[in-house]
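The structure appears below as structure tokens.
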Amino acid sequence: MSYETQIWIAGSNGRIGSELIKILNPEDYEILATDIDEVDITDSKIVNLYVDMHRPEIIINCAGITDLDYCEENLEEAFRVNAIGAKNLAIAATRINAKIIQLSTDDVFSGEGNKPYREYDELGARTVYGKSKVLAEEYIREFSQNYFILRSSWLYGGGNKYVENIISQAKENGVVKVANKQIGSPTSSKELAKFILSIIDSYNYGTYHVACIGQCSRKEFAQEILDILSIKAEVEEIEGLSGYSNRPEYSALDNFLLRISNMYIFPDWKTALKEYIKEVEK
Ligand SMILES: NC(=O)c1ccc[n+]([C@@H]2O[C@H](COP(=O)([O-])OP(=O)(O)OC[C@H]3O[C@@H](n4cnc5c(N)ncnc54)[C@H](OP(=O)(O)O)[C@@H]3O)[C@@H](O)[C@H]2O)c1
């Protein structure tokens, strides 16, 4: 791709946005990075003005309200940013014939399953956050053509300090407290950013599950972090520790469509975690 290819990252200060900026080579792409102070995605006029001025070829929607408890308490704001914001970007992308990449989540599922969710499984969000992301997906499909909807799960890194918090709890207290019941597919933000880079030039549009391979409980995840660093500490499971209690209990993802289309293979979650910890410890 030529130097002039412009990528607009909306919500560029967030975990995924900032990880993407690190990984995109400025010699290959011209990166337009905005967050709420520059372009509020809920404002359709400003969004359209922005795309008319810059004409990006690719729009990556990393903006959102991602705090589940905050979404429960601020339903209208959650829907305005997560759903209407996505709709505004989808319409703007269509107007200028740009590709759009929408970040979505495992929270679109009910969490009542017991095997990794595939793209064709029935949706059933139970949280306000999950429901707003379901509507966002619908808007992207309705108002844009050249789209990728990427559902990921349990992201760490890129500003999310979950792994670092486990390490400091273990070192300081000799005990790590984690939420019980939850099972997911921990995914490194860097691995997600690498995948996004791999699809930027492609036309394999659609909805994909994009998570590191495998699944674990919060306890197994914490134990793996401690094992990698040879830290001796106890891992204790606590009821209702991770905030809003109605979040999905089972949310592991199967990258089914990536696999059958031979598009991309994510590393397994343990390998990606080891890699991440090696970098953090440097
Ligand atoms: N983190 C995960 O585990 C995870 C998993 C799967 C999918 N996702 C999805 O991936 C996307 C990015 O996630 P993330 O973890 O990087 O989120 P994040 O760290 O919370 O970042 C979101 C960014 O969007 C900004 N923002 C909020 N309202 C905005 C608005 N009206 N206009 C423009 N920007 C606005 C936020 O600014 P402020 O901080 O100032 O509010 C923040 O910088 C989200 O759509 C999320 O649903 C995340």
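Fair warning: this is a prediction, and the values are worked out from it, not measured in the lab. In each ligand, atom 1 is the first atom listed, and ligand 1 is the first ligand listed.
Under 4.0 angstrom from ligand 1, there are no non-hydrogen atoms of N61.
Side-chain N or O atoms of Y117 include one that pairs as donor or acceptor with a backbone N or O of G111 at under 3.5 Å. A side-chain donor-acceptor contact under 3.5 Å links S152 to the backbone of V210. For D268 (side chain) and G214 (main-chain N/O), no donor-acceptor pair under 3.5 Å exists by modelled atom type. Side chain of E77 to backbone of N74: no donor-acceptor contact under 3.5 angstrom is found. One N or O on the side chain of S188 and one on the backbone of E191 form a donor-acceptor pair closer than 3.5 Å. Listed for the T187 side chain is no donor-acceptor partner under 3.5 Å among the backbone atoms of L155.
Within 4.0 Å of atom 41 (O) of ligand 1, not a single protein heavy atom is present.
What sits closest to atom 29 (C) of ligand 1 on the protein, heavy atoms only, is I36 CD1, 3.7 Å. Atom 11 (C) of ligand 1 has its closest protein heavy atom at L103 CB, 3.6 Å. The single protein non-hydrogen atom nearest to atom 31 (N) of ligand 1 is D40 OD1, 2.9 Å, given as residue, atom name and distance. Taking atom 12 (C) of ligand 1 as the reference point, the nearest protein heavy-atom neighbour is C62 O, 3.3 Å. Looking only at protein heavy atoms, the nearest one to atom 46 (C) of ligand 1 is Y129 OH, 3.3 Å. For atom 21 (O) of ligand 1, the closest heavy atom belonging to the protein is G14 CA, 3.2 Å. For atom 14 (P) of ligand 1, the closest non-hydrogen atom of the protein is R15 NE, 3.8 Å. Counting protein heavy atoms only, atom 36 (C) of ligand 1 is closest to D35 OD1, 3.7 Å.
At a 3.5 angstrom cut-off on N or O pairs, I16 counts as close to ligand 1. Considering backbone and side-chain atoms together, W154 places no N or O closer than 3.5 Å to any N or O of ligand 1. At under 3.5 Å, not a single nitrogen or oxygen of T105, backbone or side chain, sits near a nitrogen or oxygen of ligand 1. Polar contact check, I41 against ligand 1: a nitrogen or oxygen pair lies under 3.5 Å apart. Checked by distance only, ligand 1 and S153 stay at 3.5 Å or farther apart across all their nitrogen or oxygen atoms. Ligand 1 has an N or O atom lying under 3.5 Å from an N or O atom of K133, backbone or side chain. The shortest N or O to N or O distance between N13 and ligand 1 is not under 3.5 Å.
Among T187, L155, T66, N82, the residue whose heavy atom lies closest to atom 5 (C) of ligand 1 is L155. With atom 26 (N) of ligand 1 as the reference point, the heavy atom nearest to it among S251, A10, S18, G64 is part of G64.
Closest heavy-atom contact between N204 and F148: O-CE2, 3.1 Å. In this structure, A222 and V176 approach most closely via the heavy-atom pair CB-CG1, 4.3 Å.
We find that K22 and E19 are joined by a salt bridge, their nearest charged nitrogen and carboxylate oxygen being less than 4.0 Å apart. A salt bridge does not link E237 to K177: none of the charged nitrogens lies less than 4.0 Å from a carboxylate oxygen. In this structure, E224 does not pair ionically with K274, as no charged nitrogen and carboxylate oxygen lie closer than 4.0 Å. Salt-bridge annotation for R151 and E119: absent, with no side-chain N of the basic residue lying under 4.0 Å from a carboxylate O of the acidic one. Using a 4.0 Å cut-off between a side-chain N of Lys or Arg and a carboxylate O of Asp or Glu, K115 and D254 do not qualify as a salt bridge.
Of all atoms in ligand 1, listed by their number and element, those nearer than 4.0 Å to a heavy atom of V81 are 28 (N), 29 (C), 31 (N). Close contacts of ligand 1 with V39, meaning ligand atoms under 4.0 Å from a residue heavy atom, involve 32 (N), 33 (C). For ligand 1 and S104, the ligand atoms under 4.0 Å from any heavy atom of the residue are 6 (C), 7 (C), 8 (N). Proximity to A63 (heavy-atom distance under 4.0 Å) selects the following atoms of ligand 1: 24 (O), 33 (C), 34 (N), 35 (C), 45 (O).
Looking only at side-chain heavy atoms (C-beta outward), F79 and S132 come within less than 4.5 Å of each other.
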